[in-house]
2 protein chains.
Amino acid sequence: MTTLKDIAKHANVSACTISRYLNSNIVVKKETEAKIQLAIKELGYVTNVVAKSLKHMETFNVAVIVPKINNLYYSEMTSGISQILGKHHYNLYIYEVDNLNLSEDEVLQLMRENMIAGIIFIGLFSDVSFKETIRNVVEWNIPVVYANRYMDYNGFPLLYPDLVKASKLGVEHLFLKDKRRIAFVHKNLPDHLLSYFLEGYSQASKDENKPMIMEIEEGMDLSKDCIPKLLQNNIDGVFVLNEMLAVNLTKALVQADIRILEDIAVLSLGNSLISEISTPELTSIDLQNRELGIRSAEIILSQIRKEAFEPITVLEPFIVERRSA
Amino acid sequence: MTTLKDIAKHANVSACTISRYLNSNIVVKKETEAKIQLAIKELGYVTNVVAKSLKHMETFNVAVIVPKINNLYYSEMTSGISQILGKHHYNLYIYEVDNLNLSEDEVLQLMRENMIAGIIFIGLFSDVSFKETIRNVVEWNIPVVYANRYMDYNGFPLLYPDLVKASKLGVEHLFLKDKRRIAFVHKNLPDHLLSYFLEGYSQASKDENKPMIMEIEEGMDLSKDCIPKLLQNNIDGVFVLNEMLAVNLTKALVQADIRILEDIAVLSLGNSLISEISTPELTSIDLQNRELGIRSAEIILSQIRKEAFEPITVLEPFIVERRSA
DNA sequence: TTGTAAGCGTTATCAA
DNA sequence: TTGATAACGCTTACAA
């Protein structure tokens, strides 16, 4: 491995002159420049970022903490992050929490040990302990961003899609399609998030009728346990708050000889490849996952550079109309 | 930030004693141990991995170079890699080449600058230049693994699924379903890879008839340009060498009122979530992407530790029967 | 059992 | 315009 000292010797200049030249802090004589360039080429010098990091006591590494990466929702966000970090010459660490069997505290220990420049949290964590953990990070003065869903603001920047707007958009669309009896179908959605959808419904609905709420529990059979209930309640529009669930419900409805859209419209919250693949193709609310990643990365960079940044970023969802609603 | 020196002072021991104690290179007096433990707790010491790396001239960072991460094929492999690296306390860098607008040479420069412990290449790169690049890495003595498809062996470990076996399995399955006129449908598949599928076909077929080969070009309309040709040739079994293409072709066939399986069976090469979502669900050849990632990580770790490793790993594909074939 | 001192590759300070 | 020196935090001969 060729070091600064090596090329210094080879070029008959001091190491610090070369260092300053390479970091363009000084102007050197044409002659010196030539000697340095030659030595670098001849010896094949590559700077050592680890030494730089130690010297400056900061790295160019940003970590993304994510439940799992083999999931289009998370990987789309991560790709957005990667795009921005790459443009600014930062490296991207990935820590898959579900996969690694690491506790949150262990992950954070890792972050400190590695002098991580900033941390982007994606996805939901075990609520109570998580808030404590993230507050610890802030205490250590590591820049942090949390991107996913609304949560009580705790002194770190938050990014999330406007779920009330998402709900309003979706419900208005269903109304437009002459669907009047709406059901929200979800899985494990905590109450405080569900309330945003109800709020969106109220905003979209002129009169005072209420939507049906249906929670799918683990191991439930959609055909046997859910569809009959939808029919009993004369539901003609389903707003499924989870894209994969929307796909599966659509399949079950088709299998039960219910016409999608004509009999029951299905609207998906979340718009990835799988909405396009589903038959019929799903009309979906796009929550802008890639944009969420991009903005998260921009905010973490602002923090790292001690520039101003938005404490809260709310993204506007939009609807993509296909066949199912 | 608390350093070794700080706790040394606080505990009235020398820094090197603590260092050796923490790395369990020596046994210390009970009393010393207690003092050290206390100091660490009171001052909240966290070791500095960057300094360690500089000292040892090696990092615990492995880089995955991948075209894009928001793709189930790549993210599944990456997740496998992440799992193994995490277990062995290595960190995972992701570099998305398609996304970053970085040339291969620039990426490799980055690897050297950051003292990357090892590099895992996933996916296809611009062939000619890529082989040159990867050979450079080997020259620099950075452990490298290439996981994707067969290529001329060039002195670095290779991992890929057995495509001949995949083809044989698939064709045998189609024969079993009484499909006799088989077409291979593909997109951008280079000839040397296509030949494996033909070889697999030969192995599965007793007589000497040949399959039809259909290449889908950019911008082609499956309904207008492909399906008529399949029908003209009395094709009753299609082996699609790209999962997404299999999904789209299935859609087009359904739209043309052709019964999947009964009229034309569709078999997909590649088995991710999207095969399950497709209607009808696709019978697929699973190429073991996660396992490919896992084995890649294991091999890179062996290399890093200067242990023995397999130069070539060929994974056995298997078939997952669903509805379409 | 513990401590001293040098050094990993880089850069900031100060001096020339 | 350049150079000597010390320092970032940690480890490792070598010495005690």
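All heavy atoms count here, side chains included; hydrogens, waters and symmetry mates do not.
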Identify which nucleotide among D/dA13, C/dT13, C/dT10 has an atom closest to any side-chain atom of A/K52, counting heavy atoms from C-beta outward. C/dT10

Roughly, in whole Å, what's the span from CD in A/E33 to P in D/dT1? 12 Å

Over 12 non-hydrogen atoms of neighbours within 6.0 angstrom of CG in A/D6: yes

How many whole angstroms separate atom NZ of A/K55 from atom P of C/dT10? 12 Å

Please determine if a side-chain N or O atom of B/S19 lies less than 4.0 Å away from the OP1 or OP2 oxygen of D/dC10. no

Of the candidates D/dC14, C/dG9, D/dG3, the side chain of A/M1 sits closest to C/dG9

B/R295 versus B/Q288, side-chain donor and acceptor atoms under 3.5 Å: no

Without decimals, in angstroms, what is the distance between A/E113 CD and D/dC10 C1'? 13 Å

Specify the separation, in whole Å, of atom CD of B/E58 and atom P of D/dT11. 12 Å

Kindly determine whether A/E96 and B/S82 satisfy side chain to side chain donor-acceptor pair (under 3.5 Å), including the steps that lead there. CA-CA 7 Å; A/E96 280 190 294; B/S82 153; 2.7 Å; yes

Roughly, in whole Å, what's the span from NZ in A/K35 to P in D/dT1? 15 Å

Separation of B/K5 atom NZ from C/dA5 atom P, in whole Å? 12 Å

Quick one: does A/N91's side chain get under 4.5 Å of A/T59's, heavy atoms only? no

Using a distance-only test with no angle check, is there a side-chain donor-acceptor pair under 3.5 angstrom linking B/N70 and A/Y74? no

Does the side chain of B/S14 get closer than 4.0 angstrom to OP1 or OP2 of C/dG3 through an N or O atom? yes

Whole-Å distance between D/dG3 C1' and A/L4 CG? 13 Å

Side-chain N,O (B/T3) to OP1/OP2 (D/dG9) below 4.0 Å: no

Scan A/V13 against the nucleic acid and name what it touches under 4.0 Å (heavy atoms): base, sugar-phosphate only, or nothing. sugar-phosphate

What is the distance from CD1 of A/I18 to P of D/dA4, rounded to the nearest Å? 12 Å

Nearest-nucleotide 5' precedence on DNA chain C, B/N12 against B/H56: B/N12

Name the nucleic acid region contacted by A/Y45, choosing base, sugar-phosphate or nothing; use a 4.0 angstrom heavy-atom cut-off, strictly under. sugar-phosphate

Pairwise 5' ranking along DNA chain C for B/A15 and B/A51, keeping only the more 5' one: B/A15

Give one of base, sugar-phosphate or nothing for A/T32, where a contact means two heavy atoms less than 4.0 Å apart. sugar-phosphate

D/dC8 phosphate, OP1 or OP2, under 4.0 Å from B/N48 side-chain N/O: no

I want to verify a distance call: between C/dG9, C/dA5, D/dT2, whose nearest atom is closest to the A/L54 side chain? C/dG9

